[in-house]
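See below for the structure under consideration.
Every chain is numbered from 1, with letters handed out A, B, ... down the list of sequences. On a predicted model such as this, the values are computed, not experimentally measured, just so you know.
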Protein chains: 2
Amino acid sequence: MLNPDPALPDPAPIFAALGDRTRLALLSKLGDGQARSIAALSTDTALTRQAITKHLHVLQDAGLVASLRVGRESRFAARREALNEARAYLDGVSRQWDDTLGRLKAFVEDAD
Amino acid sequence: MLNPDPALPDPAPIFAALGDRTRLALLSKLGDGQARSIAALSTDTALTRQAITKHLHVLQDAGLVASLRVGRESRFAARREALNEARAYLDGVSRQWDDTLGRLKAFVEDAD
DNA sequence: CATGACGGCAACCTCCTGGTTGCCTATTGA
DNA sequence: TCAATAGGCAACCAGGAGGTTGCCGTCATG
């Protein structure tokens with residue numbers, strides 16, 4: 001059972017998108033619900049605008065952000081769905097581990 | 001605020017480790033609390049033993065599994081701590097987003 | 001004690017990732 | 001209308017990730 005709930009899509013791409021400090025920082029900036037332009041998201045970072053753009057597209061492909069063209073700006077905002085999907089997956093795994101926690105002690109005991 | 005709780009270590013490496021289907025499958029196999037040898041974890045997969053070994057080391061570096069040498073075997077078992085760390089981070093982000101959900105709706109309604 | 005199972009190590013390959021630079025288009029607004 | 005701002009596109013690069021093969025050491029046991 002790779003996925004606790006087969007109805008949900010593969011969570012690996014979401015985790016992969018979350019597995020980068022720069023992208024976590026971007027998500028954090030967007031955490032206040034405001035949609036921001038690429039230029040706005042590129043300030044306060046040592047990276048170039050293009051690097052930020054690439055990261056935003058990774059987040060978008062994973063469903064973690066959505067983009068909207070407004071005039072000459074591309075505004076990005078956080079999406080809850082993908083985050084909830086990741087949370088649901090981890091909760092499912094955690095629950096699975098909880099259910100069999102008793103057997104975990106066998107790990108140490110099986111050593112001999 | 002990149003990390004909701006600065007006392008916690010950087011969650012990015014954990015998410016990066018989770019961002020691969022093969023590794024999620026390995027974690028899932030270990031979800032019953034049983035410690036398994038590399039050979040045991042290498043059955044039922046098209047990959048070679050060495051590929052599985054590499055994935056297990058990635059999981060171990062992220063703290064998601066622990067290894068124990070038993071005779072000629074290396075047994076791996078799931079660790080709860082790193083998983084809880086990832087869950088705590090996502091919960092923190094989710095809570096942050098909840099607090100400002102009202103402002104999000106304008107964007108979402110336009111984008112969807 | 002010899003043989004097979006377990007697995008570590010290292011080299012190698014390919015493709016992806018994170019980042020850069022350069023350039024071009026489109027929108028804005030004085 | 002024209003300069004400045006926002007950003008898309010493409011080439012390029014270095015390094016890392018995922019995977020393989022080959023070989024060698026170690027432990028268990030018939």
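The separation between D61(B) atom CG and dG16(D) atom P is 14 Å, rounded to whole Å. Whole-Å rounding puts the I38(A) CD1 to dG8(D) C1' distance at 8 Å. Distance CG (L56(A)) to C1' (dG8(D)): 13 Å, rounded to an integer number of Å. The NE2 atom of H57(B) sits 13 Å away from the P atom of dA10(C) (whole-angstrom rounding). Nucleotide dG18(C) holds its P atom 12 Å from the CD1 atom of I52(A), rounded to whole Å. Distance F76(A) CZ to dG8(D) C1': 11 Å, rounded to the nearest Å. Counting to the nearest Å, the P atom of dA5(C) and the CZ atom of R36(B) are 21 Å from each other. Whole-Å rounding puts the L41(B) CG to dG8(C) P distance at 12 Å.
Residues passing the salt bridge (charged side-chain N to carboxylate O under 4.0 Å, His left out) test with D91(B), sequence neighbours excluded: R87(A). Considering only residues two or more places apart in sequence or on other chains, A16(A) meets the side chain to side chain contact (heavy atoms under 4.5 Å, CB included) condition with none of them. Residues passing the side chain to side chain contact (heavy atoms under 4.5 Å, CB included) test with A39(A), sequence neighbours excluded: S37(A).
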- Item | Letter per nucleotide, 5' to 3', of nucleotides 17-30 of chain D [B base touched, S only sugar-phosphate touched, - untouched; heavy atoms, 4.0 Å] | -SBBBB----BS--
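Among pairs with a residue in residues 10-48 of chain A, those fulfilling ring-ring contact (aromatic ring centres under 6.0 Å, His included) read F15(A)-Y89(A), at least two apart in sequence or across chains. Residue pairs meeting the side chain to side chain donor-acceptor pair (under 3.5 Å) criterion with at least one partner in residues 40-55 of chain B, sequence neighbours excluded, are R23(B)-H55(B).
No continuous path of hydrophobic side-chain contacts links L47(A) to V58(A) [ILVMFWY only; heavy atoms under 4.5 Å].
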